*Asks:* 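The structure under discussion is supplied below as structure tokens; questions concerning it will follow.
Computed from a predicted model, the values in this text were never measured in an experiment. Read the numbers this way: they start at 1 and go in the same order the structure lists the ligands and their atoms.
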Amino acid sequence: MKVLVTGSAGFIGFHLVNKLVEKGDEVVGLDNINDYYEVSLKYGRLADAGITKDEIQTSRFVQSKRFRSYRFVKEDLTNKEFLLELFKSEQFDAVVNLAAQAGVRYSLEKPDEYISSNVQGFLNILESCRHHPVKHLVYASSSSIYGTNTKIPFSTEDVVDHPISLYAASKKSNELMAHTYSHLFNIPTTGLRFFTVYGPWGRPDMALFLFTRKILNGNPIQVYNNGEMKRDFTYIDDIVEGIVKVLDKPESVNNDSECDRLEALKTKAPYKLYNIGNSSPVLLTDFIDALEESIGQKAERQLMPLQPGDVLSTWADVTDLIKDINYQPKTELRVGISNFVKWYRDFYKV
Ligand SMILES: NC(=O)c1ccc[n+]([C@@H]2O[C@H](COP(=O)([O-])OP(=O)(O)OC[C@H]3O[C@@H](n4cnc5c(N)ncnc54)[C@H](O)[C@@H]3O)[C@@H](O)[C@H]2O)c1
């Protein structure tokens, strides 16, 4: 397959590209390399794939020196003309849209970024798929759309009409927009609601990265809601395996019995939504204990209140994903954390 992966200099995109090229797909990666977090890490990921910063600055498309079937282009999702031209010339079989402005707390500071990248940018992807049809569009949604849902585990059949951050609202919008395009133009789309992804090459704005950096620098860590929060931490390899399997299984038009079963998904459009998570929530304090053990150093914990926009607990019901693609996340939390700490020490020479 020839696949477009947007956000390919990002955490999940980087790992996904590696997996796709290793399994023999041809990949075009796209990313605007914005400075939401340190760009050196994004260039580091690209360098690992055999693509240098110099080449990105001088050539439009950069051929990876590590993978013959990977090319990279630095571009913004909001450039609709470019996307339409790209889709026309490349004739992709499938698209995985991971490029987005991520982060719950940042959406209170810079709301416009979320509308431009996540809503306008995603519309441009949908329009490109409309005019240059692909066999499957898979896109990133998020567990944060469950908002203050108290029914656990979270199911894709739960009503999620009350987001508590603009980030969550933008991801819910993506699901609504995808459904519209699946219905109107028969584009097979699958939304994946990711649950707190962690692992090597992870994101510096997320807990594992922040805590590791602070502990190693001897600084205190901020523990929100006094550590009384639960997250369904999901290891990157388990996420990537899920994306690859889902990508190979485009949704067909839902039949009548499926429509009846899926109360929240009463639609005949080739449209599907899945939770993708470990389905085993961990208390933040236990997570920090495991991290301290892996680093071999105790953290100074500053207990803080819950932050606006944050949810208390996340827990993925992955029954549908098990049924449809035999999804079996297998990475133990301690193993995943230790892999991250090893990578961090190596990359930052700590
Ligand atoms: N990591 C998680 O735990 C998690 C959880 C839920 C959802 N998600 C979603 O998964 C996707 C990937 O997340 P990630 O953790 O890899 O984040 P990331 O920030 O590391 O990767 C996203 C990439 O998209 C790029 N990007 C942003 N706006 C762009 C634009 N307008 N045009 C082109 N590129 C743009 C960024 O430069 C970045 O490299 C995102 O959509 C995110 O919202 C992630």
Side-chain angles (χ1 to χ4, degrees), residues 4-18 28-46 49 51 56 72-80 82-83 86 95-104 106-107 110 112-125 128 138-146 154 165-175 178 191-210 231-236 238-240 242-243 274-278 311 314 316 336 340:
L4 171 66
V5 176
T6 72
S8 65
F11 169 38
I12 302 175
F14 159 78
H15 286 280
L16 177 65
V17 169
N18 282 351
V28 174
L30 177 150
D31 201 299
N32 66 359
I33 318 188
N34 68 30
D35 62 0
Y36 166 59
Y37 59 78
E38 52 204 58
V39 290
S40 55
L41 177 57
K42 295 183 182 181
Y43 282 114
R45 295 180 184 124
L46 289 165
I51 291 166
I56 293 167
F72 176 79
V73 58
K74 180 171 185 273
E75 196 39 90
D76 199 293
L77 283 191
T78 55
N79 188 344
K80 185 174 179 181
F82 174 84
L83 281 184
L86 180 73
V95 177
V96 183
N97 187 58
L98 299 171
Q101 181 54 58
V104 167
Y106 191 64
S107 69
K110 290 274 173 76
D112 305 66
E113 302 290 331
Y114 292 76
I115 299 305
S116 118
S117 291
N118 303 10
V119 179
Q120 183 63 54
F122 189 58
L123 174 64
N124 294 344
I125 289 287
S128 303
V138 174
Y139 61 95
S141 185
S142 165
S143 60
S144 62
I145 72 160
Y146 288 103
F154 297 164
S165 68
L166 195 69
Y167 171 62
S170 72
K171 291 295 180 180
K172 171 74 183 176
S173 308
N174 286 175
E175 296 179 357
L192 294 176
R193 293 176 178 170
F194 296 133
F195 281 66
T196 321
V197 190
Y198 75 102
W201 299 97
R203 262 182 29 215
D205 61 326
M206 294 183 71
L208 180 58
F209 202 115
L210 284 169
R231 287 289 177 273
D232 200 353
F233 292 101
T234 313
Y235 191 64
I236 183 67
D238 294 325
I239 288 283
V240 165
I243 302 174
Y274 291 108
N275 286 332
I276 178 161
N278 206 39
V311 301
T314 65
F340 172 80

*Asks:* In ligand 1, which numbered atoms sit nearer than 4.0 Å to a non-hydrogen atom of L77?
*Replies:*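 Once the distances to L77 are compared, the set is 30 (C), 31 (N), 32 (N), 33 (C).
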
*Asks:* At what distance is the nearest protein heavy atom to atom 21 (O) of ligand 1, and which residue and atom is it?
*Replies:*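 It is G10 CA, 3.3 Å.
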
*Asks:* Indicate yes or no: at least one non-hydrogen side-chain atom of N34 is less than 4.5 angstrom from one of K42.
*Replies:*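 The answer is yes, as the side chains (C-beta and beyond) meet within the 4.5 Å cut-off.
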
*Asks:* Does T314 reach the main-chain N or O of D232 with its side chain, forming a donor-acceptor pair under 3.5 Å?
*Replies:*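 Yes; at least one donor-acceptor contact below 3.5 Å.
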
*Asks:* Suppose we screen for side chain to side chain contact (heavy atoms under 4.5 Å, CB included). Which residues come up paired with A140, at least two apart in sequence or across chains?
*Replies:*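 Per chain and number, A140 pairs via side chain to side chain contact (heavy atoms under 4.5 Å, CB included) with L98, K171, F194.
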
*Asks:* Can you say whether the rings of W201 and F14 are parallel (under 30°), tilted (30 to 60°) or perpendicular (over 60°)?
*Replies:*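 Aromatic pair W201/F14 classed tilted.
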
*Asks:* Say whether Y36, considering both its backbone and side-chain N or O atoms, lies within less than 3.5 Å of an N or O atom on ligand 1.
*Replies:*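 It does not: no N or O of Y36 is found under 3.5 Å from an N or O of ligand 1.
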
*Asks:* Check whether Y114 reaches the backbone of S170 with its side chain - one donor and one acceptor, N or O, closer than 3.5 Å.
*Replies:*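 No.
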
*Asks:* Could you tell me the residue and atom name of the protein heavy atom closest to atom 1 (N) of ligand 1, and the distance to it rounded to 0.1 Å?
*Replies:*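 Scanning the protein heavy atoms, the shortest distance from atom 1 (N) of ligand 1 goes to R203 NH1, 3.3 Å.
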
*Asks:* Quick one: pull up OG in S8 and CG in L16 and give me the separation to the nearest 0.5 Å.
*Replies:*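 So the OG of S8 and the CG of L16 are separated by 9.5 Å.
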
*Asks:* What protein heavy atom sits nearest atom 13 (O) of ligand 1, and how far away is it?
*Replies:*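 Result for atom 13 (O) of ligand 1: I12 CD1, 3.9 Å.
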
*Asks:* Short list, please: which atoms of ligand 1 are under 4.0 Å from a heavy atom of V197?
*Replies:*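 Within the 4.0 Å cut-off of V197, ligand 1 contributes 1 (N), 2 (C), 3 (O).
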
*Asks:* Considering only heavy atoms, which of A207, A100, S8, P204 lies nearest to atom 27 (C) of ligand 1?
*Replies:*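 Of the listed residues, A100 has the closest heavy atom.
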
*Asks:* Between Y198 and ligand 1, find which residue part has any heavy-atom pair under 4.0 Å and reply side chain, backbone, both or neither.
*Replies:*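 None of Y198 does.
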
*Asks:* Have a look at F122, F194, Y167, Y139 and point out the one with the heavy atom closest to atom 43 (O) of ligand 1.
*Replies:*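 Heavy atom nearest to atom 43 (O) of ligand 1 belongs to Y167.
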
*Asks:* Return yes if some donor-acceptor pair links the side-chain N/O of T234 with the main-chain N/O of F195 below 3.5 Å, else return no.
*Replies:*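 Such a contact is found between T234 side chain and F195 backbone.
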
*Asks:* State whether the side chain of N124 and the backbone N or O of L77 hold a donor-acceptor pair below 3.5 Å, judged by distance alone.
*Replies:*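 The answer is yes, because a donor-acceptor pair under 3.5 Å joins these two groups.
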
*Asks:* Answer with yes or no after comparing the ring centroid distance for Y198 and F340 against a 6.0 Å cut-off, counting only values under it.
*Replies:*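 No, they do not, as the ring centres are separated by 6.0 Å or more.
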
*Asks:* Which ligand 1 atoms does I33 reach within 4.0 Å, using its non-hydrogen atoms?
*Replies:*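 In order of numbering, the contacting atoms are 37 (O).
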
*Asks:* Say whether N97 and T6, considering side chains only, have a donor N or O and an acceptor N or O under 3.5 Å apart.
*Replies:*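 Yes, T6 and N97 have a side-chain donor paired with an acceptor closer than 3.5 Å.
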
*Asks:* Does even one non-hydrogen atom of E75 get within less than 4.0 Å of ligand 1?
*Replies:*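 Within the 4.0 Å threshold, so yes.
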
*Asks:* Compute the minimum heavy-atom distance from G202 to ligand 1 and say whether it is under 4.0 Å.
*Replies:*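 G202 does not count as a contact of ligand 1 under the 4.0 Å cut-off.
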
*Asks:* With a 4.0 Å cut-off on heavy atoms, is T78 in contact with ligand 1?
*Replies:*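 Contact check T78 vs ligand 1: negative.
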
*Asks:* Under 4.0 Å from any heavy atom of T196, which atoms of ligand 1 are there?
*Replies:*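 Per the distance check, 3 (O).
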
*Asks:* Using distance alone, determine whether F195 and ligand 1 share an N or O pair under 3.5 Å.
*Replies:*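 Looking only at distances, the answer is no, because the N/O contact criterion of under 3.5 Å is not met.
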
*Asks:* Which heavy atom of the protein is the closest neighbour of atom 39 (O) of ligand 1, given with residue, atom name and distance?
*Replies:*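 Protein heavy atom at minimum distance: D31 OD2, 2.7 Å.
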
*Asks:* Do any nitrogen or oxygen atoms of G7 come within less than 3.5 Å of a nitrogen or oxygen of ligand 1?
*Replies:*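 No, G7 has no N/O under 3.5 Å of an N/O on ligand 1.
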
*Asks:* Where the side chain of N275 meets the backbone of F154, is there a donor-acceptor pair that is under 3.5 Å apart?
*Replies:*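 Checking the backbone N and O of F154 against the side chain of N275, a donor-acceptor pair under 3.5 Å is found.
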
*Asks:* Ring pair (Phe, Tyr, Trp, His ring centres under 6.0 Å) with Y274: which residues, sequence neighbours excluded?
*Replies:*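 Y274 satisfies ring pair (Phe, Tyr, Trp, His ring centres under 6.0 Å) with no other residue.
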
*Asks:* What is the closest protein heavy atom to atom 40 (C) of ligand 1, and at what distance does it sit?
*Replies:*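 Ranking protein heavy atoms by distance from atom 40 (C) of ligand 1, first comes L98 O, 3.1 Å.
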
*Asks:* Strictly under 4.0 Å, does any heavy atom of E113 approach an atom of ligand 1?
*Replies:*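 The answer is no, since E113 has no heavy atom less than 4.0 Å from ligand 1.
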
*Asks:* When you measure from the heavy atoms of A9 to every atom of ligand 1, does any distance fall below 4.0 Å?
*Replies:*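 In this structure, A9 qualifies as a contact of ligand 1 - some heavy atom is under 4.0 Å.
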
*Asks:* State, yes or no, whether a side-chain contact exists between F233 and N278 at a heavy-atom distance under 4.5 Å.
*Replies:*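 Counting from C-beta outward, F233 and N278 never come under 4.5 Å.
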
*Asks:* Under 4.0 Å from a heavy atom of S141: give me the atoms of ligand 1 that qualify, with their elements.
*Replies:*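 It comes down to these atoms of ligand 1: 6 (C), 7 (C).
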
*Asks:* Under 4.0 Å from any heavy atom of A140, which atoms of ligand 1 are there?
*Replies:*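 Numbered from 1, ligand 1 contributes 9 (C), 10 (O), 11 (C), 41 (O).
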
*Asks:* Mind checking whether F11 and V197 have side chains closer than 4.5 Å, heavy atoms only?
*Replies:*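 Yes, at least one pair of side-chain atoms sits under 4.5 Å.
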
*Asks:* Is the Lys NZ or Arg CZ of R193 less than 6.0 Å from the centre of Y146's six-membered ring, within 45° of the axis?
*Replies:*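 Yes, a cation-pi geometry holds between R193 and Y146.
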
*Asks:* Short N/O distance, under 3.5 Å, between S117 and ligand 1?
*Replies:*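 Yes.
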
*Asks:* Kindly indicate whether the side chain of I115, heavy atoms from C-beta on, has any atom under 4.5 Å from the side chain of L166.
*Replies:*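 Result yes, sub-4.5 Å side-chain heavy-atom pair found.
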
*Asks:* Among all protein heavy atoms, pick out the one at the shortest distance from atom 24 (O) of ligand 1; state its residue, atom name and that distance to 0.1 Å.
*Replies:*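 Here the nearest protein heavy atom works out to A99 CA, 3.4 Å.
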
*Asks:* Would you check the N or O atoms of A102, main chain and side chain alike, for any that come under 3.5 Å of an N or O of ligand 1?
*Replies:*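 No, no N or O pair falls under 3.5 Å.
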
*Asks:* Which option out of D76, I276, N32, L30 puts a heavy atom nearest to atom 34 (N) of ligand 1?
*Replies:*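 It is N32 that holds the nearest heavy atom.
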
*Asks:* Is it true that Y37 lies under 4.0 Å from ligand 1, counting heavy atoms only?
*Replies:*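 Under 4.0 Å: yes for Y37.
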
